[in-house]
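The block underneath contains the structure these notes are about, expressed in structure tokens.
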Amino acid sequence: MSSAADLLRALMRETPDFPEPGVLFRDLTPVLADGVALAALADELAAPFGDAYDVVAGLEARGFPLAAAIAARTGRGMLLVRKAGKLPGPVLSEDYGLEYGTDVLELRADLLPAGTRVLVVDDVLATGGTVAAAHRLIRAAGWTLAGTAVALELAELGGRARVDATIHAVLTV
Ligand SMILES: O=P(O)(O)OC[C@H]1O[C@H](OP(=O)(O)OP(=O)(O)O)[C@H](O)[C@@H]1O
Ligand SMILES: Nc1ncnc2[nH]cnc12
């Protein structure tokens, strides 16, 4: 049986100069479209964290299917960390920079009690701006960061150094 890392390597697609010149875009949608690969990836993302988390937070947009798959396979709930203006209030907001621009993430903080242990999940770690902003939101909500898991880490963009927490990457390139 192939590991999730093998399946990621085999199925992901690389597109030069997308969404802007100079960016080599790693598209994981072929992985999401493959049921065996999606299940293997969900299990491998969550494996290091055992039972040490209560809920899974997905980062818009490509973290959503991964977080939902983990939540469904482990019987946990899911939180949506969304781009600005998509969630009804009250929300917490954080600005951040990423490989191709700047953006704002928001979180509805009144859904779960203080101290809830949150596993943060996204598809790609590039500069780390997105994950770092999600961490600030989780902490501002009064929740505990249980861990962070990404499918693919782009090591040359240095995201790990920017994030003040341990990150589990299924595949690093
Ligand atoms: O480590 P960083 O430099 O912050 O980049 C990583 C983020 O960039 C992509 O999302 P994007 O903002 O393109 O949004 P999308 O998932 O809605 O397409 C990716 O899905 C990560 O969330
Ligand atoms: N190069 C890249 N490919 C896919 N997602 C990304 N998010 C930030 N940089 C990315």
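Just so it is clear, the model here is predicted, and its values are computed rather than measured. Read the numbers this way: they start at 1 and go in the same order the structure lists the ligands and their atoms.
For atom 1 (N) of ligand 2, the nearest protein heavy atom (residue, atom name, distance) is Leu24 O, 2.9 Å. Of all protein heavy atoms, the one lying nearest to atom 6 (C) of ligand 2 is Tyr100 OH, 3.5 Å. Given atom 16 (O) of ligand 1, the protein heavy atom at minimum distance is Ala61 N, 2.9 Å. Of the protein's non-hydrogen atoms, the one nearest atom 14 (O) of ligand 1 is Lys83 NZ, 3.0 Å. When hydrogens are left out, the protein atom nearest atom 10 (C) of ligand 2 is Glu99 OE1, 3.3 Å; that is the closest non-hydrogen contact. The protein heavy-atom contact nearest to atom 4 (C) of ligand 2 is Arg26 O, 3.2 Å. The closest protein non-hydrogen atom to atom 11 (P) of ligand 1 is Arg62 NH2, 3.7 Å.
Between Arg160 and Glu153, at least one side-chain nitrogen of the basic residue sits less than 4.0 Å from a carboxylate oxygen of the acidic one, meeting the salt-bridge criterion. Note on Arg76 versus Asp51: salt bridge recorded, some NZ/NE/NH1/NH2 to OD/OE distance being below 4.0 Å.
Every atom of ligand 1 is numbered from 1 in the order shown, and the set under 4.0 Å from a heavy atom of Thr130 is 2 (P), 4 (O), 5 (O), 6 (C), 7 (C), 22 (O). For ligand 2, the atoms closer than 4.0 angstrom to any heavy atom of Ala126 are 8 (C), 9 (N). Set against the non-hydrogen atoms of Glu99, the atoms of ligand 1 under 4.0 Å away are 3 (O). Each of the following atoms of ligand 1 lies closer than 4.0 Å to a heavy atom of Asp122: 20 (O), 21 (C), 22 (O). Listed by number with element, the atoms of ligand 1 under 4.0 angstrom from any heavy atom of Asp123 are 19 (C), 20 (O), 21 (C). The ligand atoms of ligand 1 that sit less than 4.0 angstrom from a heavy atom of Val124 are 6 (C), 21 (C). The ligand atoms of ligand 1 that sit less than 4.0 angstrom from a heavy atom of Thr127 are 1 (O), 2 (P), 3 (O), 4 (O). Listed by number with element, the atoms of ligand 1 under 4.0 angstrom from any heavy atom of Tyr100 are 8 (O), 9 (C), 11 (P), 13 (O).
Annotation for Asp122 and Gly63: closest pair OD1-N, 3.4 Å, computed over non-hydrogen atoms. Between Glu106 and Gly85, the shortest heavy-atom contact is OE1-N, 3.2 Å.
Every N/O-N/O distance between Val124 and ligand 2 stays at or above 3.5 Å.
At a 4.0 Å heavy-atom cut-off, ligand 2 touches Leu154 through the side chain alone.
Looking only at distances, no side-chain donor or acceptor of Glu94 sits under 3.5 Å from a matching main-chain atom of Leu137.
Within 6.0 Å of the CG atom in Asp17, the count of heavy atoms belonging to other residues, nucleotides or ligands exceeds 12.
Under the 30°/60° scheme for interplanar angles, the aromatic rings of Phe18 and Phe25 are found to stand perpendicular.
Residue contacts with ligand 2: Leu98 is excluded, as none of its non-hydrogen atoms falls under 4.0 Å. At a 4.0 Å cut-off, not a single heavy atom of Leu59 sits close enough to ligand 1 to count as contact.
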